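One structure is given below, encoded as structure tokens.
Fair warning: this is a prediction, and the values are worked out from it, not measured in the lab.
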Amino acid sequence: MMKVHTPKKGKAKRALDKRAPKLVETGKKTLILQGTKTSGTLNAVLTEIYHLKKGEAVRYTRKNENIRPFESGGETSLEFFSLKTDCSIFVYGTHSKKRPDNLVIGRMYDHHIYDLVEVGVENFKSMESFNYDKKLAPRVGSKPFIAFIGEGFENVDELKHLKEVLLDLLKGEVVENLNLAGLDHAYVCTAISSNRVYLTHCALRLKKSGTVVPRMELVEVGPSMDLVVRRHRLPNEGLRKEAMRTAKDQPKKKIKNVSSDAVLGTIGKIYIPDQKVGEMALPNKAKGVKRERREAKKKEAGERASKKQKEESE
């Protein structure tokens with residue numbers, strides 16, 4: 001049998017518990033890395049994606065020769081990096097004559113490739129090229145709005161797949177409650193054609209409207225780019241079913257001595273400890289009790305008198 005190594009220190013145990021599967025998963029970390037050859041535009045795109053995902057991303061700047069996500073056997077290094085960094089999404093940038101400024105965005109399941117979307121970056125504008133009031137700059141870690149505009153996201157398979165991947169990439173950490181005053185930026189994705197999407201990043205500005213609800217304006221803060229879908233690979237049906245499987249609802253904690261009835265509703269049992277009535281002091285002394293005490297006192301006095309006479313006769 002194989003020997004199972006268990007953590008000996010609390011720090012290692014907490015790290016393994018953090019990586020273990022959960023009923024409600026938290027936000028997904030993003031792995032950003034590049035191939036053997038990249039362009040200046042592509043380096044700027046990867047850097048700005050890392051800044052937008054700051055705190056939820058890991059950036060590798062070394063060149064990687066053996067990563068080819070769409071080829072069999074070319075995903076080994078990528079899956080190793082995913083396991084090492086505990087990242088569920090990756091962004092891989094390469095540049096070649098055939099596919100210039102190429103981005104591969106993919107998702108992982110159990111640290112194996114789940115699906116892939118390959119896009120080309122065109123008309124890129126960095127954050128520095130936009131002039132705006134720096135007070136409107138989005139805060140790090142805040143939740144964004146994500147808007148998808150266009151019928152292509154509902155009708156075209158490539159754009160439907162790209163929408164799912166972009167949602168996972170940009171949505172951030174999963175939360176239960178949200179303060180609307182903290183929403184300060186939005187990602188707007190517009191389907192221009194059947195394979196082209198215009199992506200821009202905007203800050204939200206609240207202005208007076210004369211009513212309780214303020215008027216909201218979008219101020220473009222960058223980056224912005226056109227994403228041209230080149231290739232995509234969907235997961236097979238068996239893997240999709242396994243990944244989409246959800247845990248059953250946790251059973252409610254059983255309450256002791258409580259049951260339910262279709263007619264009577266909730267029924268409870270109340271357990272009363274032994275009252276020990278014989279030892280309890282009665283508040284109202286009944287006449288019978290007084291008579292018994294008088295008779296007991298007379299009996300005790302008679303026994304003492306007879307005992308005294310016996311002692312004197314001896």
Side-chain angles (χ1 to χ4, degrees), residues 28 30-50 52-53 67-72 74-75 78 88-109 113-127 129-130 144-171 186-202 218 220-237 239-240 243-244:
K28 299 179 180 180
T30 304
L31 174 64
I32 302 172
L33 65 170
Q34 60 196 43
T36 53
K37 186 179 179 181
T38 55
S39 63
T41 300
L42 195 59
N43 287 333
V45 171
L46 295 175
T47 302
E48 299 210 356
I49 291 175
Y50 175 69
L52 292 174
K53 297 278 296 179
I67 296 180
R68 297 177 182 85
F70 281 92
E71 298 179 13
S72 178
E75 70 277 1
L78 192 59
S88 304
I89 305 177
F90 69 89
V91 179
Y92 177 64
T94 57
H95 179 74
S96 64
K97 185 177 179 180
K98 186 179 179 181
R99 292 187 176 90
D101 299 328
N102 195 61
L103 278 182
V104 179
I105 308 172
R107 295 182 288 182
M108 312 290 285
Y109 173 70
I113 290 180
Y114 177 73
D115 59 354
L116 298 167
V117 176
E118 185 181 71
V119 295
V121 179
E122 298 180 3
N123 304 324
F124 173 72
K125 293 182 181 180
S126 64
M127 297 180 185
S129 61
F130 292 91
F145 278 116
I146 305 177
F148 292 92
I149 304 171
E151 296 180 357
F153 290 114
E154 303 296 332
N155 303 329
V156 183
D157 293 338
E158 291 84 353
L159 296 187
K160 287 170 68 176
H161 190 195
L162 180 62
K163 176 183 176 181
E164 293 179 4
V165 174
L166 289 178
L167 270 175
D168 272 351
L169 177 65
L170 302 174
K171 69 181 181 181
Y187 295 102
V188 182
C189 305
T190 307
I192 301 173
S193 64
S194 60
N195 68 335
R196 183 181 291 267
V197 173
Y198 175 64
L199 171 64
T200 185
H201 182 217
C202 301
L218 296 178
E220 197 168 2
V221 297
S224 68
M225 66 194 87
D226 288 347
L227 302 178
V228 182
V229 181
R230 291 172 176 166
R231 289 186 291 177
H232 77 115
R233 191 179 78 189
L234 294 169
N236 59 58
E237 196 62 28
L239 182 61
R240 177 186 288 272
M244 294 296 179

*May I ask you to test the Glu158-Asn195 pair for a side-chain heavy-atom distance under 4.5 Å?*
no
_Let me confirm one number: the CG-CD1 distance from Leu162 to Ile105, rounded to the nearest 0.5 Å._
6.5 Å
_Stepwise side chain to side chain contact (heavy atoms under 4.5 Å, CB included) check, Ile89 with Val165_ = CA-CA 9 Å; Ile89 305 177; Val165 174; 5.6 Å; no
_Shortest non-hydrogen separation from Leu169 to Lys53 and the atoms involved_ = O-NZ, 2.7 Å
*side chain to side chain contact (heavy atoms under 4.5 Å, CB included) evaluation trace for Val197 with Phe153*: CA-CA 10 Å; Val197 173; Phe153 290 114; 4.0 Å; yes
*List the atom of Leu42, the atom of Gly93, and the distance in Å for their closest heavy-atom pair.*
CD2-C, 3.5 Å
*Any idea which heavy atoms bring Gly150 and Ala191 closest together, and the distance?*
CA-CB, 4.3 Å
*Report the distance from atom CG of Leu78 to atom CZ of Arg68, rounding to the nearest 0.5 Å.*
12.5 Å
*So, do Val104 and Asn102 sit near enough that their side-chain heavy atoms are less than 4.5 Å apart?*
yes
*Leu159 and Ser193: which non-hydrogen atoms are nearest, and at how many Å?*
CD1-O, 3.5 Å
_Within-4.5 Å side-chain heavy-atom neighbours: Tyr109 and Pro235_ = no
*Got Leu167 and Phe148 here, is their nearest side-chain heavy-atom distance under 4.5 Å?*
yes
*Could you walk me through whether Glu122 and Arg196 pass salt bridge (charged side-chain N to carboxylate O under 4.0 Å, His left out), step by step?*
CA-CA 10 Å; Glu122 298 180 3; Arg196 183 181 291 267; 2.9 Å; yes
*Would you mind reporting whether Pro223 and Leu52 have side-chain heavy atoms less than 4.5 Å apart?*
yes
_How long is the straight-line distance from CD of Glu164 back to NE2 of His232, given to the nearest 0.5 Å?_
11.0 Å
*Tell me, do Thr47 and Ile32 make a side-chain contact under 4.5 Å, heavy atoms counted?*
no
_So, taking the atom named CD1 in Ile113 and the one named CE in Met108, what distance separates them when rounded to the nearest 0.5 Å?_
5.5 Å
*May I ask you to test the Asp168-Arg107 pair for a side-chain heavy-atom distance under 4.5 Å?*
yes
*Starting at CZ of Phe145, measure out to CG of Leu170 and round the result to the nearest 0.5 Å.*
14.5 Å
*asked:* Would the distance check show the side chain of Lys171 and the main-chain N or O of Ile146 forming a donor-acceptor pair, the cut-off being under 3.5 Å?
replied: no
*Distance-only, no hydrogens or angles: does the Glu48 side chain make a donor-acceptor pair with backbone N or O of Met127 under 3.5 Å?*
yes
*Heavy-atom closest contact (Leu116 atom, His161 atom, distance)*: O-CE1, 3.3 Å
*Give the minimum heavy-atom separation between Phe70 and Arg231, together with the two atoms involved.*
CD1-NH2, 3.7 Å
_Assess the residue pair Lys163 and Glu154 against the criterion (salt bridge (charged side-chain N to carboxylate O under 4.0 Å, His left out)); give the C-alpha distance rounded to whole Å, side-chain angles, the decisive distance to 0.1 Å, and a yes or no._
CA-CA 9 Å; Lys163 176 183 176 181; Glu154 303 296 332; 3.4 Å; yes
*asked:* Using 0.5 Å steps for rounding, measure from the CZ atom of Phe130 to the OG atom of Ser224.
replied: 3.5 Å
*So Tyr187 and His201, would you call those rings parallel, tilted or perpendicular, with 30° and 60° as cut-offs?*
parallel
*May I ask you to test the Asp101-His95 pair for a side-chain heavy-atom distance under 4.5 Å?*
yes
